[in-house]
Amino acid sequence: MNNKKRLLEEITTCPECKGTHIIRDPNRGELICSDCGLVLEDELIDYGPDWRSFDNEEYEKKAHTGAPVSPLIHDGGLTTEIGYQNRDSYGNPLSNKARAQVYRLRKWQKRLRIRNSTDRSLAEALSQLMKISSAMNLPRDVRETAAMIYRKAAEKDLIRGRTIDGILAAALYAACRQCHVPRTFDEISKVTGIPKKDIARNYRFLSRELKLRLPPASPLDYLKLFGSRLHLSGEAQAKAKEILDQAEKEKLTVGQNPLGIVAASLYIASVLCGDKKTQREVAEQVGVTEVTIRNKYKQLSEKLGIDIAL
DNA sequence: AAGACGAAAGTGGTTGA
DNA sequence: TCAACAACTTTCGTCTT
C-alpha cells in the first residue's frame, strides 16, 4: 500500500504524451494530464478509509487489513438479509465466536441501511452490477471501471430522473470500451433487459456529463472479439483486419454502423480464406442482419476491388 | 434443404429549417 | 418542433448450390 502511494505521488510525466503538466484533483480523486487530457484516475480512487463511517474501532482495524479497497466494496453480502436466529444453516446453535460475528454483521448491515438513500441505491446498483458483469464474464477491471463511472454519475447527481439500471447498463458499456473489451449495445441489452436505445442514450449522456474521453469505438476491438467467437482461423482474422484497414483508409466507414463493416469484413475474409462462415452465422454473432452484411460486403468488395468467387 | 439474393416497406435516430 | 433523410432492419419471394 505504502509502496503504491509513493509511486502515485511520483507520477510527474504523462505515460501517454510524456507531458509534465499533471494536475491533481483531490476532490474527484483524479490525476489529469493537461497536455493530452489523459485521466489517470482509477489508481487514485478510493484511497482513503471509506470504512471510517463505521466508527467502531474494531471495524476500522479490520477494514484496513482486509480486502483491497475497490470501487466494488459496497457489494459482498451486505445486501443479504441476515436472519435473527443465532443458528447456522443446519439449525444448530452458533458458537460464541460465530454469534458475535453474526451480531456484528447485523449491526453493520443496519447501519448501511440507515444511511442516506443515495448510498443505499449505490449499494444496490453495485450488487446489480456484479450480477450482470458476472453473467457476461467480464473481467475485474471492467467491473471496477463500470463501478467508478457509476459512482461518479451518482456523485454528480445524474441518476435523478433516470433509472438506476439504465445508467448502470450505460456505465458498463462505457467501461467495456474503456478497457478494450468491447461489448455491443445488443449484448448488454440482452443481459440487462434495458432497451438498446436507452442504453445508447444514457451512454451519450454519461459520456457528455462525465467527460469520458473514450476513443471512438474501435472496429478492430470488435473484429477481434467476433473473430474469435466465430472460431475464425488466424489467417482469416488477419485478412479481416486487412480489409477493415483498407476500408478505413478509403473512408468507406464514415457514418456507417461499425458493426456492419466488421461483419462484412469477417464474412469476406472467411470466404477468401476458405474458412467460410455463412452470412447467417456472422450476422447472428455480430448482431446485424444478413441483409446488412450483403449490402456492406457488396459495397466493400466493389470499392476495394476484392473479387469473391463464390 | 440450406444459403444467398434483393425488393419493398418499416423503424428509430439525426439534421436542418 | 417537425419533416426530410440516411442507415439499418424486417419480411418475403426467388434463385443457387
Side-chain angles (χ1 to χ4, degrees), chain A residues 153 158 161-163 165-174 176-177 182-223 225-227 229-233 235-237 239-240 243-310:
Chain A
L158 301 178
R162 274 163 263 268
T163 65
D165 287 351
I167 295 290
L168 201 59
L172 201 57
Y173 173 80
C176 287
R177 255 174 70 173
R183 292 295 117 111
T184 60
F185 285 130
D186 267 335
E187 277 180 274
I188 296 182
S189 170
K190 205 173 289 172
V191 178
T192 57
I194 309 288
K196 185 170 143 188
K197 59 171 184 171
D198 289 355
I199 303 180
R201 201 185 44 231
N202 282 331
Y203 165 69
R204 278 197 300 277
F205 171 72
L206 281 186
S207 151
R208 177 160 34 89
E209 292 299 318
L210 297 178
K211 304 199 182 4
L212 301 173
R213 274 174 257 257
L214 296 186
S218 157
L220 212 53
D221 286 337
Y222 285 118
L223 198 68
L225 174 73
F226 295 125
R229 282 205 190 155
L230 283 165
H231 305 295
L232 216 51
S233 70
E235 187 199 357
Q237 292 197 29
K239 188 76 190 169
I243 294 167
L244 188 65
D245 286 344
Q246 249 182 303
E248 271 180 344
K249 209 182 295 168
E250 303 276 330
K251 309 257 184 262
L252 298 178
T253 56
V254 288
Q256 315 265 317
N257 179 358
L259 289 179
I261 305 286
V262 165
S265 304
L266 286 169
Y267 177 69
I268 297 173
S270 82
V271 173
L272 287 182
C273 296
D275 184 19
K276 178 162 179 177
K277 308 291 173 195
T278 64
Q279 294 181 352
R280 179 137 167 47
E281 279 177 289
V282 180
E284 200 166 307
Q285 272 301 332
V286 179
V288 296
T289 61
E290 298 165 58
V291 181
T292 300
I293 293 184
R294 280 201 285 278
N295 294 336
K296 282 283 116 68
Y297 104 76
K298 280 248 141 54
Q299 189 182 323
L300 281 188
S301 56
E302 195 177 307
K303 294 272 175 58
L304 298 178
I306 299 172
D307 222 358
I308 299 191
L310 281 173

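Every chain is numbered from 1, with letters handed out A, B, ... down the list of sequences.
- Qualifying side chain to side chain contact (heavy atoms under 4.5 Å, CB included) partners for Asp198(A), counting only residues two or more places apart in sequence or in other chains: Ile194(A), Pro195(A), Arg201(A).
- For Tyr173(A), the ring pair (Phe, Tyr, Trp, His ring centres under 6.0 Å) criterion is met by Phe185(A), Tyr203(A), not counting sequence neighbours.
- With sequence neighbours excluded, the residues that form a side chain to side chain contact (heavy atoms under 4.5 Å, CB included) with Asp186(A) are Thr184(A), Lys196(A).
- Per the geometry, NZ belonging to Lys296(A) stands 10 Å off C1' belonging to dA6(C), to the nearest Å.
- Every residue meeting the side chain to side chain donor-acceptor pair (under 3.5 Å) condition with Asp221(A), not counting sequence neighbours, appears here in chain and number order: His180(A).
- Arg280(A) meets the salt bridge (Lys or Arg N to Asp or Glu O under 4.0 Å) test with Glu284(A); sequence neighbours excluded.
- Residues that satisfy the salt bridge (Lys or Arg N to Asp or Glu O under 4.0 Å) test with Glu187(A), not counting sequence neighbours, are Arg229(A).
- At a non-hydrogen distance threshold of 4.0 Å, Val288(A), Thr289(A) from residues 280-290 of chain A come into contact with DNA chain C.
- In this structure Asp275(A) satisfies the salt bridge (Lys or Arg N to Asp or Glu O under 4.0 Å) test together with Lys277(A), sequence neighbours excluded.
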Please produce a list of atom pairs where a protein N or O lies less than 3.5 Å from an N or O of nucleotides 6-15 of chain B.
residue, atom, partner, partner atom, Å
dG6(B), OP2, Lys298(A), NZ, 2.9
dG6(B), N7, Arg294(A), NE, 3.2
dG6(B), N7, Arg294(A), NH2, 3.0
dG6(B), O6, Arg294(A), NH2, 2.9

- Note on the structure: Under the rule of Watson-Crick or G-U wobble with both distances under 3.5 Å, where | means paired to another strand and [ ] a crossing pair, DNA chain C maps to |||||.|||||||||||
Side-chain donor-acceptor contacts of residues 243-263 of chain A below 3.5 Å, not counting sequence neighbours, with atom names and distances?
residue, atom, partner, partner atom, Å
Asp245(A), OD2, Lys241(A), NZ, 3.0
Gln256(A), OE1, Lys296(A), NZ, 2.9
Asn257(A), OD1, Leu259(A), N, 2.9

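- Close to dA2(B), at under 4.0 Å from its OP1 or OP2, lies no side-chain N or O of Lys276(A).
- Remark: Tyr267(A) is in phosphate contact with dA4(B), judged by side-chain N or O atoms under 4.0 Å from OP1 or OP2.
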